[in-house]
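Side chains included, hydrogens not; waters and symmetry mates left out as well; all remaining heavy atoms used. A note on names: the letters A, B, ... follow the listed sequences, proteins ahead of strands, and every chain is numbered from 1.
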Number of protein chains: 2
Amino acid sequence: MSLIDIDATPFLGLLPPRVAEELLGLSVLVKYSNGQLIHTRGELKPGLSIVHSGAAHVGVNGIDGTFVTAAALGQGECFGEFTLFTDLPRTHDVSSIGETQIYQISKSKFDSLYEREASISRALLKTTLTRTHILLETLDALRRLPILERTAKTLLTMSYTLGRADSLIIKQIDLAYSLGVTRVSLAKALKQLASIELIEIGYGRINFLDRDALARWVQQHCGISD
Amino acid sequence: MSLIDIDATPFLGLLPPRVAEELLGLSVLVKYSNGQLIHTRGELKPGLSIVHSGAAHVGVNGIDGTFVTAAALGQGECFGEFTLFTDLPRTHDVSSIGETQIYQISKSKFDSLYEREASISRALLKTTLTRTHILLETLDALRRLPILERTAKTLLTMSYTLGRADSLIIKQIDLAYSLGVTRVSLAKALKQLASIELIEIGYGRINFLDRDALARWVQQHCGISD
DNA sequence: CTCAAAATGTATAATATTTAGCATTTGATC
DNA sequence: GATCAAATGCTAAATATTATACATTTTGAG
């Protein structure tokens, strides 16, 4: 954790301002109210999406009403890039959390710019590779860490991809599914994190009280060796 | 699983033949005997590596002798791409499995070709995004599936990234760490998979008896809803 | 071929986690 | 501000998993 420190700059911030502007010029800004479906698993139409405001939850809706969150994305983060390069349907459901605005860019418009501007592929690769790295860390946490540590680390990771937001809007049951534990076990872990004042448990939300302290706690308790 | 079917073509196979040739022309072919360290976590020198023959295990060596495998890579698969775009040290240890030859390409040589040939960024993005997808599936398996199913799915995934190899060279204890369970639990799962003749348990290896049957079994038992 | 080291096989007690149930709190709506 | 659905809080029995221990098998070195 101390050895390799991840840059949390979202995709949009990695582009040179001129290119970012040009890319957004090709987009349509779409508004969503709280909890609306932005994309559905299986959908075929390819395109890139970028969060303008609000937040998006990426995950998979189970038939039984469960929702397993894979990531919570804040301002400047992108999603849908998988559809641009693979000719495959969407792998995840994406929903808006709160009032949310998303830039939607069709594959054809994206492609025209991609050919001209090498900075786009570099930014996208950096974003994707960073996410791969985060996923590997998450995977590692899931394998190695007890529930308490796993919970803390997941909360920290989500807080990063959400940008500067100071609370995570999520139900305990959904968070529990995302962590691969039951609600009972998660509640126990959350209570413990709340008791040392790293977080505050709300109704349908988790408030981050002190992100730096949380980061330190995670580093101390979840490190590998370095 | 049936909805979204992943293309297992390795990185090298995604490049137009001319570009692949040119890229390998910039590389140095390095030989490794069984179990040699190819890269170490924390190493700073950036560069791309491509498996020419043999196989490479990517993971993290614990101080206590444990090794958590993140992936097993066969012919044509690449690794180290993270170092090309992030200016960060390597996040994983990579070891050779059996007699292995690796094409090593320095960052500077890679960059010169990257600028000229857009097909490289496309291939790399496709590879990386596919891996992200595989990681998300693995993550999902780890959260949702019981040990037996998780074991089968992981074995199948590894068999894909290994190419046409018909056995996975790995100790049960390492595989157990990779699955986040104890050796005892893994042994139980392996025994069950062996009893229905999907695999064969060897000494320091798992043999794939019928990859298609394994794929069908995984699809039947590990699917989401589609 | 023999032997030692390494890896797998297996049993049992201890522990962590889940399941299932009901109680309590919260927030939105009328 | 009363009411109801949704979400969280909590408990105890049932279950899965781990830790620990030791036996057995396999491989490779001499």
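Checked against C:dG9, D:dA7, D:dT18, the side chain of A:Lys171 finds its nearest nucleotide in D:dA7. Of the listed nucleotides (C:dA20, D:dA19, C:dA7), C:dA20 has the atom at the smallest distance from the side chain of A:Val184. Candidate nucleotides D:dT18, C:dT8, D:dG9 were compared by shortest atom distance to the side chain of A:Ala187, and D:dG9 ranks first.
Regarding A:Leu148, its CG atom lies at a distance of 15 Å from the C1' atom of C:dT17, rounded to whole Å. Taking atom NZ on B:Lys188 and atom C1' on D:dT18, their separation rounds to 12 Å, with Å as the unit. We find that CZ of A:Arg205 is positioned 15 Å from C1' of C:dA28, with the value rounded to whole Å. Rounded to whole Å, atom P of D:dA16 lies 12 Å from atom CD of B:Gln192. Taking atom CD1 of A:Ile173 as the reference point, atom C1' of C:dT19 lies 12 Å away to the nearest angstrom. When the C1' atom of C:dT18 is taken as reference, atom CZ of B:Arg144 falls 17 Å away, rounded to whole Å. The nearest whole Å value for the distance from the CZ atom in B:Arg183 to the P atom in D:dT18 is 13 Å. Atom CG of A:Leu175 and atom C1' of D:dG9 are 16 Å apart (whole Å).
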Carefully, step by step, assess B:Lys107 and B:Glu81 under the rule salt bridge (charged side-chain N to carboxylate O under 4.0 Å, His left out). CA-CA 9 Å; B:Lys107 175 168 158 59; B:Glu81 64 282 357; over 6 Å; no
Would you check, one step at a time, whether the test salt bridge (charged side-chain N to carboxylate O under 4.0 Å, His left out) holds for A:Glu137 with A:Arg144? CA-CA 10 Å; A:Glu137 288 256 325; A:Arg144 278 186 24 246; over 6 Å; no
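Within the 4.0 Å cut-off from OP1 or OP2 of D:dA6, not a single side-chain nitrogen or oxygen of A:Gln172 is found. Using a 4.0 Å cut-off, some side-chain N or O of B:Ser185 falls inside it from OP1 or OP2 of D:dT18.
Under the 3.5 Å distance criterion, the side-chain polar atoms of A:Thr128 are left unmatched by any main-chain donor or acceptor of B:Thr128. B:Thr100 places a side-chain N or O within donor-acceptor distance of the main-chain N or O of B:Ala55, the cut-off being under 3.5 Å.
Remark on DNA chain C: of its neighbouring residues B:Ile170 and A:Thr182, the 5'-side contact belongs to B:Ile170, judged by nearest-heavy-atom nucleotide. Remark on DNA chain C: of its neighbouring residues B:Leu190 and A:Tyr203, the 5'-side contact belongs to B:Leu190, judged by nearest-heavy-atom nucleotide.
Contact of the B:Leu23 side chain with the B:Ile50 side chain is registered, since non-hydrogen atoms from C-beta on lie closer than 4.5 Å.
Note on B:Lys191: only backbone sugar-phosphate atoms sit closer than 4.0 angstrom, heavy atoms only; bases stay farther off.
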